[in-house]
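A quick write-up on the structure given underneath.
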Amino acid sequence: KNYERSFIVSKNKFQNTVSCPDEETLLQNFQKAILLEDPDIITGWNVIDFDLNFLKNKFSKYKNIFNLGRDNTPSKLKLQEGFFRDSKADVSGRQVLDGLSLLKSSFVKVRDYKLGTVAIDILGKGKLIAHEDKSKIDEIYKKDQKLLLDYNLLDAKLVYEIIHKSQTLDLSIQRSLLTGMPLDRVSASIASFDSIYLNKARERNLVCPSGKFSEKPSPITGGFVMESKPGIYDNVLVLDFKSLYPSLMRTFNLDPMSFLGKKKEPNAVKAPNNVYFRNEQGIVPEIISTLQEEREKAKKQKNELASYAIKILMNSFFGIMASPSFRFFNMDMANAITHFGQYIIKLTAKKIEELGYEVIYSDTDSVFVDPKVESEVKAEKLGKEIESSINNFYNDFIKKEYKRESFLELEFKKNYLRFLMPKTRSGEKGAKKRYAGLKQVHGKEEMEVVGLEAIRGDWTEAAQIFQKEILDRIFHKKEISNFIKKFIQDILEGKYDEKLMYRKQIRKDLEKYTKIPPPHVKAARKLEKLDSNIIEYYITAHGPEPKQKLKHKLDYGYYIEKQIKPIAEMILIFFNLNF
């Protein structure tokens, strides 16, 4: 917090900087500084794969022991390839936590995981030297070492500030306290589950099977997603089941040690996929019960981090059950959870329609209801009435049919004042997981967009601006035809040129794209070298060209056909107009 130090091979003197005559001396001074400062946590951005790995190789070059820990044990690195697997560092007495990994495991949404981008998104400020200017580093070292020192120190500060402002470290501490896992392993969901479950099993004198890897013969059944009823609606009510899968496990005792398979016992709970569970208080329901009580306590104490940590843990339980690496893995057991989910969401829609309201869409754990009322106040009142009616139904239904207590809780979540449910691009059917709505939050209007182009990174900024403005016009019943014509005219006149850039990620080496290469790969191949796995490019009259080497005129016809037309047609169809 109150410590700033840089190390450089230089004859010059700088503030807060240790100038060293050579590389080996620099490494020794750096090592001494770490041991003297004695931190609990070492962090950075991609700190294990890049920084520590680089340092380890340098220590090795000079035949020095790479030791940054609290005893004489050499520090070890376990490097993993791929975005979804985290490398580990074993530094005795300290935790090495990569800022990038902390962000990923805390589900913080950012445009991409480059330090410069994340710093702008979270802190509102960026790096001193932009990513594309990194080729100048050697030149800066020779000509302006002070600038280089400022650049490096700011990079270190940005990581520190990102971790604190995003509260990712605090969240990891909460998750560690919940599961007993070390800080650098809180995102290991199966190990976290084992840590809790095995202790509970031991208390009951139960012996669990050893860990193993099983083959997954077929994909797990997913949640039910209803084909929507396309249209533009007023006052659409959204009702959600709170923590549906954990609630199902608790309600129906969906527990590994209670799982009977096809074997039936007296009073056993029969799942919709024809497998049985003992009708008792299993270990998973007990764990979920405790966690839900702790979450309610955390909410009352306004401890949002603890509440979020518990939510992440509970929501991971289904994924664990569906993983072939899980010691209890069984397809029938995992499918029992999703089959119950499908059964409950379909039954809920049926019961709401029996109350006289139309369900226009449902998705895994939520239902969208058109109550056909114009008054916002009346719609909100109906939302609460539906919530109460359905919850009362399940209290009676579960007791009667399964001889168990219902922990299912349907909640009236929001009322969209205006709502758009589009058709699929290819026909008359209703879309799934794609919609937009206008709602009121604390007296202010707010637009919510799900699955549409306005929030998708593979569409240009111009297309996103276009769609948001069209949606705003739909929601406020404004004219759209002239707006579309004017927007196209502005594109043709070059007014949106800067906003017609695509951003796409390269996921493998360029030479491995052997079939017909996609546009971003074609653009990437026109660069001398890749400074980033994110390619920024335009479509020109001569094909895709990277931003850094844009030579030809943009192909406006392409943009209008591929970006503007599909968005416009999605709306125009409801007004019997064509593009």
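In this structure, Lys372 places its NZ atom where more than 12 heavy-atom neighbours from other residues, nucleotides or ligands lie under 6.0 Å away. Within 6.0 Å of CZ in Arg525 there are more than 12 heavy atoms belonging to other residues, nucleotides or ligands. Around CD of Glu304, the count of heavy atoms belonging to other residues, nucleotides or ligands within 6.0 Å does not exceed 12. For Lys414, the NZ atom sits in a packed shell: over 12 heavy atoms of surrounding residues, nucleotides or ligands are nearer than 6.0 Å.
A donor-acceptor pair under 3.5 Å is formed between the side chain of Arg473 and the backbone N or O of Glu479. Counting only distance, with no hydrogens or angles, the side chain of Trp45 and the backbone of Lys114 share no donor-acceptor pair below 3.5 Å. A side-chain donor-acceptor contact under 3.5 Å links Glu545 to the backbone of Lys551. Of the possible donor and acceptor atoms, one in the side chain of Ser105 sits under 3.5 Å from a partner among the backbone N and O of Leu102. Of the possible polar contacts, none joining the Asp184 side chain to the Leu97 backbone as a donor-acceptor pair under 3.5 Å is found. Side-chain N or O atoms of Tyr559 include one that pairs as donor or acceptor with a backbone N or O of Ile539 at under 3.5 Å. For Glu569 (side chain) and Asn578 (main-chain N/O), no donor-acceptor pair under 3.5 Å exists by modelled atom type. The backbone N or O of Met501 sits nowhere less than 3.5 Å from a side-chain atom of Glu461 that would complete a donor-acceptor pair.
For His339 and Tyr343, the ring centers are positioned 6.0 Å apart or more. Aromatic pair Tyr435/Phe419: centroids less than 6.0 angstrom apart. In this structure, Tyr496 has its ring center under 6.0 Å from that of Phe487. The distance between the ring centers of Phe483 and Phe466 falls below 6.0 angstrom.
Distance CG/Leu382 to CD/Glu387: 12.5 Å, rounded to 0.5 Å. The OG1 atom of Thr348 sits 10.5 Å away from atom CG of Asp365, with the distance rounded to the nearest 0.5 Å. Atom OH in Tyr151 sits 14.0 Å away from atom CG in Asp144 (nearest 0.5 Å). Between the CD1 atom in Ile312 and the OG atom in Ser189 there is a gap of 11.5 Å [rounded to 0.5 Å].
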* side-chain hydrogen bond (donor to acceptor under 3.5 Å, both in side chains) between Tyr308 and Gln174, intermediate numbers included -> CA-CA 9 Å; Tyr308 186 49; Gln174 291 286 350; over 6 Å; no
* To do: Apply the test side-chain contact (heavy atoms from CB on, under 4.5 Å) to residues Gln563 and Tyr502: give CA-CA distance (whole Å), side-chain angles for both, the deciding distance (0.1 Å), then the verdict.
  => CA-CA 11 Å; Gln563 293 271 297; Tyr502 286 96; 3.4 Å; yes
* **Trace of the side-chain contact (heavy atoms from CB on, under 4.5 Å) decision for Ile310 with Leu313** => CA-CA 5 Å; Ile310 294 167; Leu313 181 62; 5.7 Å; no
* To do: Any chance you could lay out the side-chain hydrogen bond (donor to acceptor under 3.5 Å, both in side chains) test for Asp497 and Tyr556, step after step, and finish with the verdict?
  => CA-CA 9 Å; Asp497 281 9; Tyr556 295 130; 2.8 Å; yes
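Between Tyr416 and Lys439 the shortest heavy-atom distance is CD2-CB, 4.2 Å. Here the closest non-hydrogen pair linking Tyr113 and Leu100 is O-CD1, 3.8 Å. Of all the heavy atoms in Tyr361 and Lys433, the pair that sits closest is OH-N, 2.7 Å.
A cation-pi arrangement, defined by a distance under 6.0 Å to the six-membered ring centre and an angle within 45 degrees of its axis, is present between Lys346 and Phe224.
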